[in-house]
Amino acid sequence: MAVGKTSSIIEERQNKAEKLQAEGVNLYPAGYKIDITSSEAIDRFGEMDEDTLEQESDSYAMAGRIMARRDFGKASFIHIKDRTGRIQAYIRKDRIPPDKFSMFKLMDIGDFIGIRGRFFKTRTGELTLLAEDLSLLSKSMKSLPEKWHGLTDVETRYRQRYLDLIMNDSVKEVFVLRSRIIQEIREFFVEKDFLEVETPMMQSIPGGATARPFKTYHNTLGMDLFLRVAPELYLKRLVVGGLERVFEINRNFRNEGISIKHNPEFTMLEFYMAYATYEDLMTLTEELFNHLLNKMFGQSVIEYQGKTIDFAPPWTKISLFDALRDLGGVKDEIFQAKENAAAFASECEIAFSAKESHGQILTKLFDHLVEPLLINPTFITGYPTEVSPLSRRNEQNPDIVDRFELFIGGREIANAFNELNDPADQRERFENQVALRDAGDKEAQFMDKDYVTALEYGMPPTAGEGIGIDRVVMLLTDSPSIRDVILFPQMRAKTQM
RNA sequence: GGGCCGUUAGCUCAGUUUGGUAGAGCAGCGGACUUUUAAUCCGUUGGUCGCGAGUUCGAUUCUCGCACGGCCCA
């Protein structure tokens with residue numbers, strides 16, 4: 001956008017603003033008493049015939065943004081938009097106070113208007129508010145995007161989300177649904193006697209996930225702090241403290257690339273349940289999603305980007321290795337030696353570093369070969385211990401852990417496991433992570449001695465799970481990009497407009 | 001970080017292939033119009049064609065670089 005350019009549209013609006021002020025009109029008055037919203041009006045009067053509507057002698061005050069106007073010399077139809085929808089109003093010069101029509105003539109699409117009047121039906125049967133009085137509530141100095149095509153430029157939609165929300169009703173619907181989804185999740189867990197808690201966003205040791213953190217600094221304490229990559233280690237400290245069922249819905253921050261399914265800050269649900277196992281959490285997760293779908297859509301099947309996803313339980317459960325072999329077409333030898341896995345990954349043109357472990361390469365193979373195939377909800381189990389430093393080992397096979405990841409629509413949605421509560425094993429796992437970090441793995445985890453100390457005091461057998469809320473919202477709103485479900489997605493800084 | 005595509009009026013888009021500084025619709029402005037629905041009719045304003053450099057008599061157009069965005073890959 002050019003700098004220093006004077007738009008004639010802005011000049012026109014400034015002229016109008018000055019004229020309005022000269023007439024004694026306050027461009028930005030405080031408040032306005034509203035009697036009814038547009039959807040309430042339509043609910044109450046929309047079905048009435050004209051005669052019945054005429055019996056309704058009350059007048060009502062409404063307010064909203066002018067979205068369209070059709071002028072006829074001494075009269076005008078406008079559409080005003082409020083939080084619930086839009087409604088038409090009819091302004092006639094002979095029905096409003098003498099000075100108000102000239103004021104109305106100086107008002108524009110985009111201005112906020114307050115109208116008091118009576119409802120009637122037009123010839124075409126549209127419920128319309130016939131103005132008896134009107135007020136300017138806020139002057140708009142910029143012209144809104146075009147009424148027919150609206151705003152489609154994705155960059156502007158993300159950078160100026162307010163315009164997107166004004167112009168694209170479906171965008172608003174997504175965020176209304178997002179809010180409802182989170183509300184329902186909250187109620188689901190509160191109903192099951194979970195306690196909602198808030199744990200630190202700023203951590204001196206960033207733990208709980210394999211991810212690179214953002215770094216910041218506290219001036220007074222003179223110390224580095226990291227934005228959390230996960231709340232996990234704090235939530236489990238609370239389980240040690242006797243809060244046997246806790247959950248948190250909050251932001252995590254990961255200093256990684258931005259993509260159609262990654263935003264540097266994203267919303268995570270994590271919950272921990274003492275005495276439960278990861279098998280119990282499978283059932284709980286099935287129940288949670290079916291509760292959500294039932295509340296939102298009244299059915300257990302949804303369409304996501306042209307694919308049908310059926311949430312009816314029970315969901316498929318398959319181990320990582322079985323899935324790789326049966327769905328990914330990987331041969332048994334791949335599981336026997338790292339060299340075989342590495343050779344196969346190269347063959348498939350899947351990039352990996354020589355430093356990566358056998359388990360890391362296997363999970364990479366899984367990401368490329370199997371993950372896109374998992375459309376219906378699928379629990380993948382049996383993850384290698386080396387890629388699960390906070391999970392309890394499987395009793396039959398200590399090389400794998402009691403863990404599942406949940407995939408829906410070809411994407412990872414949740415991650416859950418029996419929590420490692422053996423302090424000696426946990427210390428050892430941290431030490432392995434530190435060794436990886438020293439060897440250059442920037443995503444490897446840090447030693448958290450206090451967390452080990454907490455485990456030394458004793459943590460009950462516990463299972464925990466994290467669910468990516470943005471991805472759930474994407475699924476349930478049929479949104480292709482995470483940016484469509486985050487109000488203000490991260491963008492590169494741009495010069496001031 | 002790499003590849004491909006895009007950036008023209010407030011908004012939605014043409015145009016540039018074959019270089020000669022740009023068009024439409026909506027919005028705006030002036031006029032007519034007291035039941036319209038993308039109202040209609042008449043007239044009309046508005047653009048350093050993302051930024052910078054190169055080639056050229058001349059670049060919005062060709063070349064290179066940069067910025068921002070989208071998709072794919074990492």
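We name chains A, B, ... by the order of the sequence lines, and we start the count at 1 in each one. These numbers come from the heavy atoms of this one structure, side chains and all, not from hydrogens, waters or symmetry mates.
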Notebook entry, point to check: Mind checking who B/C71 pairs with, Watson-Crick or G-U wobble, both distances under 3.5 Å?
Noted result: B/G3
Next item on the list: Please find out if less than 6.0 Å separates the ring center of A/Phe311 from that of A/Phe297.
Entry: no
Notebook entry, point to check: Can you check the A/Lys147 NZ to B/C26 P distance for me, whole Å?
Noted result: 8 Å
Margin query: Could you tell me how far B/A22 sits from B/G65 if I compare only their C1' atoms? Round to whole Å.
Written below: 26 Å
Check: Using atom C1' of each nucleotide, how far apart are B/G52 and B/C72 to the nearest Å?
Finding: 29 Å
Check: A/Asp94 side chain: which of B/U34, B/A27, B/C71 is closest?
Finding: B/U34
Check: Is A/Arg483 near enough to B/G70 that one of its side-chain N or O atoms lies under 4.0 angstrom from OP1 or OP2?
Finding: yes
Check: Is the base of B/U37 touched by the side chain of A/Thr122 through a donor-acceptor pair closer than 3.5 angstrom?
Finding: yes
Item checked: Atom-to-atom span, CD1 of A/Ile109 to P of B/C26 - whole angstrom -> 12 Å
Notebook entry, point to check: CZ of A/Phe101 versus P of B/C33: gap in Å, rounded?
Noted result: 11 Å
Notebook entry, point to check: Between the base of B/U36 and the side chain of A/Arg70, is there a donor-acceptor distance below 3.5 Å?
Noted result: yes
Note to self: Below 30° counts as parallel, above 60° as perpendicular, anything between as tilted: where do the rings of A/Tyr90 and A/Phe120 land?
What the structure shows: tilted
Notebook entry, point to check: Between A/Lys74 and A/Asp94, does at least one N-O distance fall below 4.0 Å, as a salt bridge requires?
Noted result: no
Check: Are A/Ile249 and A/Ile185 side-chain neighbours, meaning at least one heavy-atom pair lies under 4.5 Å?
Finding: yes
Item checked: Side chains of A/Asp111 and A/Ser140, donor plus acceptor under 3.5 Å -> no
Check: Going by heavy atoms in the side chains, are A/Glu412 and A/Asp367 under 4.5 Å from each other?
Finding: no
Next item on the list: For B/U12 and B/A38, measure between their C1' atoms and round to the nearest Å.
Entry: 13 Å
Note to self: So if I take every side-chain heavy atom of A/Glu146 and compare against B/C26, B/G69, B/A74, which nucleotide ends up nearest?
What the structure shows: B/C26
Note to self: So A/Phe120, base contact, sugar-phosphate only, or nothing? Heavy-atom distance under 4.0 Å.
What the structure shows: base
Margin query: Counting distance alone, no hydrogens or angles: does the base of B/U12 have a donor or acceptor under 3.5 Å from a partner atom on the side chain of A/Thr152?
Written below: no
Notebook entry, point to check: What nucleotide among B/G10, B/C71, B/U34 has an atom nearest to a side-chain atom of A/Arg92?
Noted result: B/U34
Next item on the list: For A/Arg254 and A/Ala230, work out which heavy atoms get closest and say how close.
Entry: NH2-CB, 4.3 Å
Next item on the list: Would you indicate which nucleotide in B/A74, B/C71, B/A27 comes nearest to any side-chain atom of A/Ala351?
Entry: B/A74
Next item on the list: Considering only atom C1', compute the distance from B/U8 to B/U61 and round it to an integer number of Å.
Entry: 11 Å
Checklist line | Gap in Å between the two P atoms, one belonging to B/G15 and one to B/U40, rounded | finding: 26 Å
Margin query: For B/G54, give the paired nucleotide (Watson-Crick: N1-N3 plus N6-O4 or O6-N4; G-U: N1-O2 and O6-N3; both under 3.5 Å), or none.
Written below: B/C62
Margin query: Could you tell me how far B/G50 sits from B/C33 if I compare only their C1' atoms? Round to whole Å.
Written below: 43 Å
Next item on the list: Identify the nucleotide, in any strand shown, that forms a Watson-Crick or G-U wobble pair with B/C26, with both distances under 3.5 Å; if there is none, say none.
Entry: B/G10
Note to self: Go nucleotide by nucleotide along RNA chain B from the 5' end; which of A/Met491 and A/Leu151 gets its closest nucleotide reached first?
What the structure shows: A/Leu151
Margin query: Heavy-atom nearest nucleotide on RNA chain B for A/Gln88 versus A/Ala68: which residue maps closer to 5'?
Written below: A/Gln88
Item checked: Gap between atoms NZ and P, on A/Lys93 and B/U35 respectively (whole Å) -> 16 Å
Check: Do any N or O atoms from the side chain of A/Asn168 and from the backbone of A/Ser170 form a donor-acceptor pair under 3.5 angstrom?
Finding: no
Notebook entry, point to check: Once you round it to whole Å, what is the distance between C1' of B/A27 and CG of A/Asp71?
Noted result: 13 Å
Next item on the list: Calculate the interatomic distance between A/Ile10 atom CD1 and B/C29 atom P; express it in whole Å.
Entry: 14 Å
Next item on the list: Return the value, rounded to whole Å, for the distance between atom CG of A/Leu106 and atom C1' of B/C29.
Entry: 13 Å
Next item on the list: Could you let me know what B/U21 is paired to, Watson-Crick or G-U wobble, both distances under 3.5 Å, or none if it's on its own?
Entry: none
Check: What does A/Gly150 touch in the nucleic acid at a heavy-atom separation under 4.0 angstrom: a base, only the sugar-phosphate, or nothing?
Finding: sugar-phosphate
Check: What is the distance from CZ of A/Arg123 to P of B/U37, rounded to the nearest Å?
Finding: 11 Å
Notebook entry, point to check: With a non-hydrogen cut-off below 4.0 angstrom, is A/Leu144 in contact with a base, only sugar-phosphate, or nothing?
Noted result: nothing
Notebook entry, point to check: Considering only side-chain heavy atoms of A/Ile9, which listed nucleotide, B/A27, B/C11, B/U34, is closest?
Noted result: B/A27
Note to self: When the C1' atoms of B/U36 and B/G43 are compared, how many Å lie between them, rounded to an integer?
What the structure shows: 23 Å
Note to self: If the cut-off is 4.0 Å, is A/His149 near the phosphate of B/G10, judged by side-chain N/O to OP1 or OP2?
What the structure shows: no
Check: Taking atom P in both B/C42 and B/G10, what distance in whole Å separates the two?
Finding: 26 Å
Next item on the list: Provide the closest heavy-atom pair for A/Leu134 versus A/Lys100 in the form atom of the first, atom of the second, distance.
Entry: O-NZ, 3.0 Å
Margin query: Given the structure, check if the side chain of A/Glu126 and the base of B/U36 hold any donor-acceptor pair shorter than 3.5 Å.
Written below: no
Next item on the list: Select base, sugar-phosphate, or nothing to describe what A/Lys16 touches, counting heavy atoms under 4.0 Å on all strands.
Entry: sugar-phosphate
Check: So which nucleotide does B/U48 pair with, by the Watson-Crick or G-U wobble rule with both distances under 3.5 Å?
Finding: none
Item checked: Nucleotide nearest A/Asp108 when distance is taken to its side chain, options B/C71, B/U34, B/C29 -> B/C29
Notebook entry, point to check: So does A/Arg492 get a side-chain nitrogen or oxygen closer than 4.0 Å to the phosphate oxygens (OP1/OP2) of B/C68?
Noted result: yes
Notebook entry, point to check: May A/Phe72 be described as stacking on the base of B/U34, applying a 5.5 Å centroid limit and a 30° limit on plane angle?
Noted result: no
Notebook entry, point to check: For the base of B/G70, is there a side-chain donor-acceptor partner from A/Glu155 under 3.5 Å away?
Noted result: no
